[in-house]
Structure formats: structure tokens, C-alpha cells
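See below for the structure under consideration.
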Amino acid sequence: MWNPLVERMAPDELRELQVRRFGRQLAYAYENSPFYRRKLDDAGIDPDGIERLADVRRVPTTDKAELRDAQTGDLFLYGDLLATDPGDVTEYHQTSGTTGQPVRQADSWRDWEWWGDCWATVLWAQGFRPDDRVFFPFSYNVFVAFWAAHYACERIGAEVVPGGNLSSAQRVVKIDDLDVTAFASTPTYALRLAEVAREEGIDPTDTAVSRIVCAGEPGASVPGTKARIESEWGADVYDHAGATETGAWGFSCTGEAVGLHMNEAQFLVEVLDEAGEPVSPGEIGEVVVTPLDRAAQPYIRFRLRDRVELADPEVCDCGRTYRFAVGGVLGRDDDLRKVNGVLLAPTAIEDTVRAVEYVADEFRVVIEAHPAKDIDQVRVIAERTPDAARDDRAIATALRAELKGATNLSCRIEVVPYEALDRFELKADRVTDTRDRHE
Ligand SMILES: [Zn+2]
């Protein structure tokens, strides 16, 4: 373990430590961030009055929309969220802005070292060691993506190969030539790289890659997708959960359970029901995260909109006392769609598509009004694999039946030739909803 003292700490002690550090972070935010001073004053919160978890829950949560508002106008780049002197900022990153104006993220050097430590916890738990040679096939730009994982590898003592400005074909050739032992990517791109490797005449299972850490999408905890990446590469696949704002708050380990431990040394992770009360193990709730030691841009009780199923630490056999999210991030509130009264999680479709024989990795989902009837319909466009030994009709029938079982919806299936759909290099965008949203 990267930090065995905390990773094995008794849950009661751990909770006490978290509450103490939450109090310290809250007082810091109040003192230094005009945004939080205003917010806490408005809510009548005494920043020095945090003694137990019940006190934490009285503190208002922070929403993404508030961050955007705080950074709008001509104040300065980071708005009044900033809690340090602008001269102390050493890193600029921003969110992708898929759901609105991007949020700008300031980090000081101390914060950046903290990011590295969080990622070192993730990578060490997944078996990354100094003798690893780790490839980073992402575009090193304004998005935080795998930047902190790159630094964490150096911190662990592993060798880093920065594969930024290369084509996918050049990347797989490098992975092969350099005997790379591990790489980091989105689940979508791990599958894409395997596809490209085969096009280049490289069998991914013949490379030295034995470990892949995924981030950016829930795929590595979606059983069908995880299994498919593992068989494509002949490697173990690990998951991570994080956000530009909060950092890496969750990670899978080499233990048996599929899902994510919460990094309770660096974050207070709350899983809450709709009334804002903590859920019990076995129940699903929304993740609210407080990074416990941030300087430049602190976040108090940030609503991630991710949903997880909470479990006790014992569900995993690795010995960590950190609580667990079974099956990883189950979906984001933003992703869930209501179709004919049924709640549809795109990850359920992904899991099914990836588990059906002769269906390739890439797919699309279109949710639309039925052309004739007054109902919605879900159209799933799936590719046949190059070696498919069934006709399109048989593939569609099998996929339709599996999807009915998984989602309770009767989907329309279109089978298209292999590689008919565009591929993604970072996060995939597979779901289109053309319905009139006013209904
Ligand atoms: Zn574990």
C-alpha cells in the first residue's frame, strides 16, 4: 500500500481524522476564498464549528453551476473561488465543458504534489512499481486527463513514456518497440488501440503490456467492457474515478471485488440519498466529495452527480479499510434518460453490447420519438466484427434479446459493417437524444 498507515486505519479513527481535516479545510476556505466566505456566511455556518459528521452535513453543497457563475465576469481568470495569491498558481486545467461553459481549475505546486500523491495511491494499489515502463497515449493539453498520473508514475519510480503528439498507429508501434508494461487511457481508447494494433500487424496480447489503468469513463468497472479490454490486451484492467475539480477520489485495486475504493485519506466522500442523508451499504446514492487538503481552489461538499452503490470495505479482500463502490460509478445524473417511463443508464447498454458475440466495440445509441406511435424508441447501432460467423439479422436478434433483459426496453437494432462508426480518442460520445426535451 502507498500509505499503509491510513489505508488500514480502523474506520472509526479514519472518520474522526476526516472530520478533523474537513473542519480545517472549511476554515481555510472561509478565510481565503471570497466565494466560500460569502456562501458560508449566507448559510449561517460557523467555519470553526465542525466536530462530527452531522456538522458536516449542515454545510451547503457546491454545484458546478455555482463554479461557472463565480468565474463569469471580468474579475479574473479563476473568479473569486481562488484562495491563494494568483502568483502561487502553477497549473492551469479546465473541464471539457460538455455540459456548459468550462470550469477553470487553478492548482498551486502544493496542490499539484497532492494530485500526484492521490494518483500514486491509485497506481500503487493496482500493482504499478518502479520496474514498470508506462505509456501515456493522450494529448497533453488543457484537460487534466492523465497529467497527474504521469507525475505519479515518476513519483513511484516507474519509467514514463509520453505518447502525446502521435497517431494511434505510431502509439501502438511504440508500445510494442519499447516493451511498454502498462498504459493509461479511457476504456474506449484502450479498445481502439487494440484495434489499431491488429491493423498494424501487432497482436496486443503479444506485447509486454500487463496492466491498463482506465479513467474518464466508467467502462473499467462495467463487466462486459472490462472483460473485453482484458482479453484484447491479455492484461489486467483497473479503474479510477476522479474529476478535474476534485482529483482522483476512487480506485480499484488488485483485490477480488469489482468497483472502487474511496481514497479516504485525501477525500471525504459522502454517498447521499435525494434528501441529502447518507445511504446505507447496499443502497445507491449520489457522490459528494470534499478534497481535504486543497490550497488554490478548494471545494467543499462538491456534487459530482455520479451515482454509486455503497459497500462496506470487507467486500474487497485487499485489507484496505476504505469504503467501496460496487461496480464503480454506475452513471451520472446527466447521463440517465427516461424512456417510456423507464430509467435508462447508457452503461447498461454498453455492458450488453460488449458481451454479445460478433458485436464490435463501437456503437451508438439514438433515443428518439417513434415515427408513427406516440412513444419513444431507442435505436442501437452496432458494428459486426470482421470475423462474424452470423448474419446481421441473427446478430440483431441476439443483441435485442440481451438488451431487453438488461434494460427492460425493446430496442431497434441496426447492424452496420465493421468500422462504419467513427472512433474516439478520449471520452466517447455515443448517446444522442433527439426528443423534444420539454415533454
Ligand atoms: Zn481492495
Side-chain angles (χ1 to χ4, degrees), residues 1-15 17-18 116-130 132 134 148-149 152-153 155-156 158 181-182 184 187 190 210-227 229-230 235-243 246-271 278-285 287 289 291-292 304 306-330 347:
M1 295 186 192
W2 182 247
N3 189 350
L5 197 71
V6 198
E7 290 180 52
R8 275 202 286 255
M9 194 179 263
D12 293 358
E13 269 178 76
L14 196 51
R15 223 56 70 214
L17 179 70
Q18 286 177 310
D117 190 74
C118 292
W119 260 98
T121 305
V122 173
L123 297 174
W124 197 266
Q126 299 172 346
F128 286 72
R129 293 295 179 270
D132 273 310
V134 188
C153 274
R155 188 140 168 180
I156 281 175
T181 60
S210 65
R211 201 170 289 111
I212 300 165
V213 55
C214 289
E217 298 168 345
S221 289
V222 173
T225 300
K226 179 176 156 76
I229 304 171
E230 289 187 335
D236 294 323
V237 169
Y238 296 101
D239 199 7
H240 143 286
T246 60
W249 61 268
F251 59 96
S252 69
C253 64
T254 53
E256 283 297 308
V258 175
L260 300 162
H261 283 286
M262 298 158 184
N263 182 351
E264 307 217 60
Q266 303 292 5
F267 300 86
L268 178 66
V269 181
E270 302 171 74
V271 185
V279 305
S280 304
E283 292 176 347
I284 294 174
V287 179
V289 169
L292 294 172
L304 278 175
D306 286 342
R307 301 182 77 76
V308 300
E309 180 185 334
L310 184 67
D312 283 326
E314 300 83 66
V315 79
C316 189
D317 59 355
C318 70
R320 286 180 182 79
T321 48
Y322 292 173
R323 288 172 305 154
F324 202 80
V326 181
V329 172
L330 303 175
T347 46

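One-based numbering along the sequence shown. Computed from a prediction, not measured in an experiment: that's the story for all the values here. Indexing begins at 1, ligand by ligand and atom by atom, following the structure's order.
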Run through the protein N/O/S atoms less than 2.8 Å from the Zn ion (ligand 1) and write them out by chain and number.
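As for protein N, O or S atoms lying under 2.8 Å from the Zn ion (ligand 1), they are Cys253 SG, His261 NE2, Cys316 SG, Cys318 SG.
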For Pro218 against Val329, the heavy-atom pair lying closest together:
CB-O, 3.4 Å
Please name the pair of heavy atoms, one in Gln126 and one in Val213, separated by the smallest distance, quoted to 0.1 Å.
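For Gln126 and Val213, the tightest heavy-atom pair comes out as OE1-CG2, 3.3 Å.
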Side-chain touch [X]/[Y], heavy atoms, less than 4.5 angstrom:
X      : Y      : result
Thr347 : Leu330 : no
Trp249 : Asp306 : yes
Leu260 : Val308 : no

Please set out all donor-acceptor pairs under 3.5 angstrom arising from side-chain atoms of residues 311-324, sequence neighbours excluded.
residue, atom, partner, partner atom, Å
Asp317, OD1, Glu256, N, 3.0
Arg320, NE, Glu7, OE1, 2.6
Arg320, NH2, Glu7, OE1, 3.4
Thr321, OG1, Glu7, O, 3.3
Thr321, OG1, Met9, N, 3.4
Thr321, OG1, Met9, O, 2.6
Arg323, NE, Glu264, OE1, 3.4
Arg323, NE, Glu264, OE2, 3.3
Arg323, NH2, Glu264, OE1, 3.3
Arg323, NH2, Val269, O, 2.5

